[in-house]
Amino acid sequence: MAPEKDSNGLDNYAFALEGRFWIQHCLTAFGGIIAIPLILSQGLCLQHDGLTQSHLISTIFFVSGICTLLQVTFGIRLPILQGGTFTLLAPSMAMLSMPEWQCPAWTQNASLVNTTSPEFTEVWQTRMRALQGSIMVGSLFQVFVGFSGLIGLFMRFIGPLTIAPTISLIGLSLFDSAGMSAGNHWGISAMTTGLIILFSQYLRHIPVPFPTYSKDKKLHTSRVYVFQILPVLLGITLSWLICYILTSYNVLPADPSVYGHLARTDLKGDVMSRAPWLSFPYPGQWGVPTVSMAGVVGILAGVISSMIESVGDYHACARLSGAPPPPKHAINRGIGIEGIGCLLAGAWGTGNGTTSYSENIGALGITKVGSRMVIVAGGVLMVVMGVFGKVSAVFTTIPSPVIGGMFMVMFGVISAAGVSNLQYTNMNSSRNLFIFGFSMFSGLVIPNWILKNPGAIATGVVEMDQVLQVLLTTSMFVGGFFGFILDNTIPGSNHERGLHAWNKAHEDDSSNTLESGEVYNLPFGLSSYLSSSPWLRYVPFCPPGEKSGADTSSLDPKQPPEGHPEPAQIIVGVGL
């Protein structure tokens, strides 16, 4: 039965659950959010500057919180968290691998790096500014596609045989970063990987009792599937603690020339003392962004992949929330707001963009709580964390082998997530096998050859050489490009290509749920205002009309629609 409401119409059930679950959503996203600045620091020549790394982590937390609040309030309006995206990481690293942006040799030697010197500051900030400008310009394309409604046109031509190699190659292209970090101490990285596997696969269905207080039951214990919700964070934390103990007893070598030294936790011990208690990230904190054509084109490839992935996330979130499928105007708004989020991320200087977090959609299905206010509280927490510099500085002390162990799992899962899109296609078809196999292999071979032969591209036009260098060294672009061209030109039925199943999964209907207007209409009475203007009804991101008086009292979250997973209890109208 529906939760009881007080005289003000506020949902008591939602408030009772917020304190328990909003922290889980933030902790679930920590692994991915923290990983992005740590990987990006390699291309920015910041491996030995822990203080700047902590500033980047603070900034990405801050911006992710703001984007989450924008998305839940004015975007798709579903309980979905926003954070950094790996789809922009691949083209960013490709851009930073260009000859003119490769790190000077002296920045790779910790003994030669003076992190406070103007020379070193200029080295990494020029790279960051170039990355910022490219992300900001590229994000304008996403804003346009979202608010103009063109995302529907994109989805008509992009199917699983395009998505599968594109997403898979994001993870596969980062194998070198994982190997370099894990190789600093294979024992520690293997332990981290093993712990994450243990928690996420073997112990995921084992609940852990936690003390809980409620007005009705007072102090009691509740069973939480903590291993299923926080496997990555638990694995990192435990390995981190073990490294701290081994460092304290000098089991790990103190000599930098000895293998295993980088597993120590005291290598950046001064970061905690040097980091400020309060640090307010602001736009342009690294200087005025610059723009390069090569960077913009590369970022566009990542932006397109991010948009398509987010559309799938919206539908998954709606199903697990017990909400109706998102209408076109809500999807358009969601993509447009994500574009604005990427614009803000570029302006603030995270070196990355933002996207919807699939991990948190999984957590939504586990907790069975779809309250917007839970995600709002999570967004506020991320903003607060971005302000407290000491909090972000803590994460920079994680030893690189621990990070490498996390990468081994995380990048593998990203690759598998891409391959999982093939479930919609007929993989007994020689046509589909050819398209997927050729796209994947090309996405590995061509970037690898270009990186080993950087002078091979010489058209005589410097700008064209730079664009081709970035595109052809971005695995996800190469694989996605071949998948898109071949899938749309080689004859094949829609059933064979998987388009029927793909469209059904993205347009699946859901009954016995809250009416669409109750979930997706704009807050603060904006939908009523917009519906009063006839011409605004034709704007792609505006609701066509508001359905008032929806009867939600008969909803029973324990009775899912036939053929759907058990939905969460979605809470609407609480403060938004």
Side-chain angles (χ1 to χ4, degrees), residues 34-60 84 86 88-135 173-184 256 261-262 267-268 270-271 274-275 281 284-292 294-295 298-299 345-346 348-353 392-393 395-401 403-404 407 447 451 454 466 469-470 473-474:
I34 294 169
I36 290 171
L38 295 178
I39 298 174
L40 201 59
S41 64
Q42 300 173 18
L44 293 172
C45 319
L46 290 171
Q47 298 96 317
H48 305 296
D49 188 356
L51 185 60
T52 300
Q53 289 180 18
S54 73
H55 289 329
L56 290 179
I57 294 174
S58 293
T59 303
I60 199 169
F86 284 97
L88 293 192
L89 188 61
S92 297
M93 295 300 289
M95 172 184 168
L96 295 173
S97 68
M98 294 174 61
E100 60 265 38
W101 294 120
Q102 287 183 356
C103 295
W106 60 270
T107 62
Q108 310 302 301
N109 190 333
S111 61
L112 299 178
V113 173
N114 178 6
T115 58
T116 60
S117 68
E119 182 182 9
F120 177 76
T121 301
E122 185 63 17
V123 164
W124 74 263
Q125 286 193 359
T126 52
R127 287 158 174 76
M128 174 60 83
R129 291 194 293 267
L131 200 54
Q132 282 183 257
S134 300
I135 292 172
S173 65
L174 295 170
F175 75 93
D176 191 47
S177 296
M180 288 178 60
S181 298
N184 290 324
H261 172 74
L262 293 178
L267 300 182
K268 299 175 182 176
D270 62 332
V271 174
R274 293 170 56 199
Q285 58 185 331
W286 317 125
V288 179
T290 59
V291 180
S292 70
I299 292 297
W348 254 266
T350 65
N352 196 252
S392 299
F395 295 115
T396 65
T397 63
I398 302 176
S400 62
I403 298 295
F407 287 168
L451 287 172
Q466 292 175 341
Q469 178 79 20
V470 171
T473 54
T474 304

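Of all non-hydrogen atoms in Gly351 and Leu40, the two that sit nearest each other are O-CD2, 3.2 Å. Contact record, Cys45 with Pro104: SG-CD, 4.2 Å, taken as the closest heavy-atom pair. Pairing each heavy atom of Trp286 with each of Met128, the nearest pair is CD1-CG, 3.3 Å. Nearest heavy atom pair, residue Ser392 against residue Ser54, reads CB-O, 3.3 Å. Annotation for Phe407 and Ser177: closest pair CD1-O, 4.2 Å, computed over non-hydrogen atoms. Residues Pro447 and Thr474 come closest through the heavy atom pair CG-C, 4.4 Å.
Between the side chain of Gln285 and the backbone N or O of Trp348 there is at least one donor-acceptor pair closer than 3.5 Å. Although no hydrogens or angles enter the test, the distance criterion places no donor-acceptor pair under 3.5 Å between the side chain of Thr52 and the main chain of Asp49.
The shortest distance between side-chain heavy atoms of His48 and Thr107 does not fall below 4.5 Å. Counting heavy atoms from C-beta outward, Gln42 and Ser181 have side chains that approach closer than 4.5 Å. No side-chain heavy atom of Leu262 sits under 4.5 Å from any side-chain heavy atom of Pro399. The side-chain heavy atoms of Phe86 and Ile39, taken from C-beta on, include a pair separated by under 4.5 Å. When side chains are defined from C-beta on, Phe120 counts as touching Val113, because their heavy atoms get closer than 4.5 Å. Side-chain atoms of Ile60 and Ile36, non-hydrogen and from C-beta on, do get closer than 4.5 Å to each other. A 4.5 Å side-chain heavy-atom check between Val271 and Gln53 finds every atom pair outside the cut-off. Taking the side chain as every heavy atom from C-beta outward, Thr396 and Ile57 approach each other to under 4.5 Å.
Between atom CH2 of residue Trp101 and atom CG of residue Leu96 there is a gap of 8.5 Å, rounded to the nearest 0.5 Å. Distance check, rounded to the nearest 0.5 Å: CD of Gln125 to CG of Leu131 gives 13.5 Å. Rounded to the nearest 0.5 angstrom, Gln108 CD and Gln102 CD are separated by 10.0 Å. Summarising the geometry, atom NE2 belonging to His55 is positioned 11.0 Å from atom CG belonging to Leu46; distances are rounded to the nearest 0.5 Å. Rounded to the nearest 0.5 Å, atoms CD (Gln469) and CG (Leu451) are 7.0 Å apart. Taking CE of Met93 as the reference point, atom CG of Leu44 lies at 8.0 Å (rounded to 0.5 Å).
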